[in-house]
Amino acid sequence: MFEDATTGDTAERLTTALVERVLAAVGAARSRALAHDAHEAELGAAEIDVVAMCEEVVRIAQGVQADAVLALDVRRRGVMTHVEESMLTRSLFTEIALARQVSTPAGERTYALAHALELHPQTHALLRDGAISQSVAGAVCRETTYASVDDRGRIDAELAPALIELSPRRAAKEARRLVLATDPHAAYERTVRARDDRAVTFSPELDAMASLTVYGPAEQVTSAFQRLDDQASARRADGDPRTIRQLMADLAIEAFTGAGVGADGMSEVRAEIGVVMRPEALFSADNAPATLAGYGPIPAELARRLATSDDAWVRRFFTTPGGEHLAGSDPRARRFSAAVRRLVRTVDGQCQRPWCDCRVRDIDHATPYARGGLSTPLNAQGTCRPDNLAKEAPGWTVTTADPHSPDGSTLAAEVRWRTPTGHVYVNRRREHLGGTTAATGPPPESVVERRLTELRCA
């Protein structure tokens with residue numbers, strides 16, 4: 001479809017196709033709205049038509065988006081013929097993610113789905129026409145991942161007529177049935193390869209809570225769940241006041257950390273309290289929020305409770321009164337100082353590439369050290385591993401700026417990412433770093449501040 005992508009105006013054709021399909025969907029919705037009788041209209045029939053129309057437009061756009069990703073891939077490969085494959089695809093994943101305002105793994109999934117749909121032309125056509133959702137199309141593509149190209153085409157042709165009536169789960173079930181009938185070994189191959197994807201993921205939740213998800217072989221995870229359930233049921237039968245759900249969660253944490261969990265859900269775990277606030281918040285009744293390393297902002301009252309534990313570390317990152325500057329970094333060093341690394345991990349928490357929610361894996365030089373970038377806080381940012389690697393590809397530029405830090409002693413307030421196509425995306429740090437405001441100015445140095453400064457100097 002895109003053989004002439006390097007010479008023809010593919011983007012214009014895609015845009016025209018999108019506009020035509022969307023206008024057709026809007027026109028059909030208007031016609032349906034006019035066909036309702038007075039009673040149906042009074043109950044909101046026309047509004048339901050608008051809901052359905054919006055869903056159809058989203059599906060159409062997702063189908064055309066997949067075409068655009070394929071065209072982008074062809075065009076980029078035609079220009080960057082000497083770039084290593086892994087570097088080329090990493091760059092594409094990140095650039096697609098920025099355009100979609102999502103994380104790089106989500107950009108990679110968009111890229112993979114576009115190429116999978118290329119092998120399922122009828123399913124792709126249904127998505128492009130707004131007849132099925134992207135979830136249904138994705139379910140079919142996932143189930144046929146390890147089938148041969150020819151088998152995918154046959155499954156696509158046989159399954160497509162029924163997809164309009166199927167939910168994502170039922171579409172996956174039907175696709176799986178056809179895969180098993182066509183090539184039973186493909187299903188086994190999928191089972192074996194899926195084990196390579198086993199992982200543990202961490203997700204911050206509301207109210208200083210978080211989720212830890214274990215993705216692994218079904219028989220192992222089922223066995224682990226059953227063991228937790230049996231142990232929780234036994235404790236409950238012995239009179240423990242906690243619910244089964246609470247007991248299972250507490251038993252899992254005890255197994256992972258080796259520390260007991262009380263009936264109130266508190267535990268003497270080794271916690272590092274990254275203090276991005278005035279020290280009064282820890283040692284008095286000041287209620288400025290703290291930052292829990294690896295999680296993010298937490299209430300000051302909870303920070304004080306954690307800080308009183310014998311197993312907690314309390315770190316103060318900003319060493320000047322008012323908490324505005326970080327001292328003691330060497331701009332010529334290849335690596336950032338330990339203080340700068342801890343600061344970035346605590347303040348950033350997640351990747352500083354715009355719209356990326358991945359956890360920080362690398363403390364990165366925004367301007368690479370090899371290109372003259374200094375190891376100062378101003379040039380430091382936390383990134384996930386894929387984005388750190390992607391920005392090293394040809395055509396990428398990342399710059400930092402902070403008008404209030406001429407000497408580079410503070411983290412940049414703004415990080416700008418420029419892609420190979422010239423698109424610029426800006427990420428602004430939202431973390432309040434000093435406990436001061438323009439209205440109030442720097443707070444007076446307290447007794448605690450002075451004592452901490454004396455200890456640091458000593």
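One is the number of the first residue; the rest follow in order along the sequence.
No salt bridge links Glu392 with Arg90; every basic N to acidic carboxylate O contact stays at or beyond 4.0 Å. Salt bridge annotation for Lys391-Asp364: present, with a cationic side-chain nitrogen under 4.0 angstrom from a carboxylate oxygen. Using a cut-off of 4.0 Å between Lys/Arg side-chain N and Asp/Glu carboxylate O, Arg59 and Glu55 are scored as salt-bridged. Salt-bridge formation is not detected for the pair Arg152/Glu158: no Lys NZ or Arg NE/NH1/NH2 atom is positioned less than 4.0 Å from an Asp or Glu carboxylate oxygen. In this structure, Arg77 pairs ionically with Glu85, as a charged nitrogen and a carboxylate oxygen lie closer than 4.0 Å.
No more than 12 heavy atoms of other residues, nucleotides or ligands sit less than 6.0 Å from atom NE2 of His423. The number of heavy atoms from other shown groups lying within 6.0 Å of CZ (Arg242) is above 12. Environment of CZ in Phe202: crowded, with over 12 heavy atoms of neighbouring residues, nucleotides or ligands closer than 6.0 Å. Around the CD atom of Glu165, the shell of radius 6.0 Å holds no more than 12 heavy atoms that belong to other residues, nucleotides or ligands.
Put simply, CD on Glu143 and OG1 on Thr145 are 8.0 Å apart, with the number rounded to the nearest 0.5 Å. Atom CG in Asp250 sits 8.5 Å away from atom CG in Asp240 (nearest 0.5 Å).
Asp387 and Thr104 form a side-chain donor-acceptor contact under 3.5 Å, judged by distance and modelled atom types alone. Asp197 and Tyr215 share no donor-acceptor pair across their side chains, judged by distance under 3.5 Å alone. Side-chain contact annotation: Ser148 with Asp151, donor-acceptor N/O pair under 3.5 Å present. The closest side-chain donor-acceptor pair between Thr383 and Arg353, if any, does not fall under 3.5 angstrom. In this model, no donor atom of one side chain and acceptor atom of the other lie less than 3.5 Å apart for Ser211 and Thr213. Side chains of Asp156 and Thr123: a donor-acceptor N/O pair is present below 3.5 angstrom, by distance only.
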Residue pair Ile96, Val69: steps toward the side chain to side chain contact (heavy atoms under 4.5 Å, CB included) verdict:
CA-CA 8 Å; Ile96 292 168; Val69 169; 3.9 Å; yes

Evaluate the side chain to side chain contact (heavy atoms under 4.5 Å, CB included) criterion for residues Val58 and Cys54: first the C-alpha distance (whole Å), next the side-chain angles of each, then the deciding distance (0.1 Å), finally the verdict.
CA-CA 6 Å; Val58 169; Cys54 290; 5.6 Å; no

Before you tell me yes or no, could you show the steps for Asn427 and Glu414 under side chain to side chain contact (heavy atoms under 4.5 Å, CB included), namely the whole-Å CA-CA distance, both residues' side-chain angles and the distance that decides it to 0.1 Å?
CA-CA 6 Å; Asn427 184 65; Glu414 182 178 288; over 6 Å; no

Residues Val398, Gln352; criterion side chain to side chain contact (heavy atoms under 4.5 Å, CB included); working and verdict
CA-CA 11 Å; Val398 180; Gln352 288 300 290; over 6 Å; no

Tell me, with the steps shown, if Glu254 and Arg235 meet salt bridge (Lys or Arg N to Asp or Glu O under 4.0 Å).
CA-CA 14 Å; Glu254 289 177 357; Arg235 289 201 184 186; 3.6 Å; yes

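Panel note: side chain Thr89, backbone Ser86; a donor-acceptor pair is recorded below 3.5 Å.
Cation-pi geometry between Arg416 and Tyr425 is not satisfied (NZ or CZ under 6.0 Å from the ring centre, within 45° of the ring normal).
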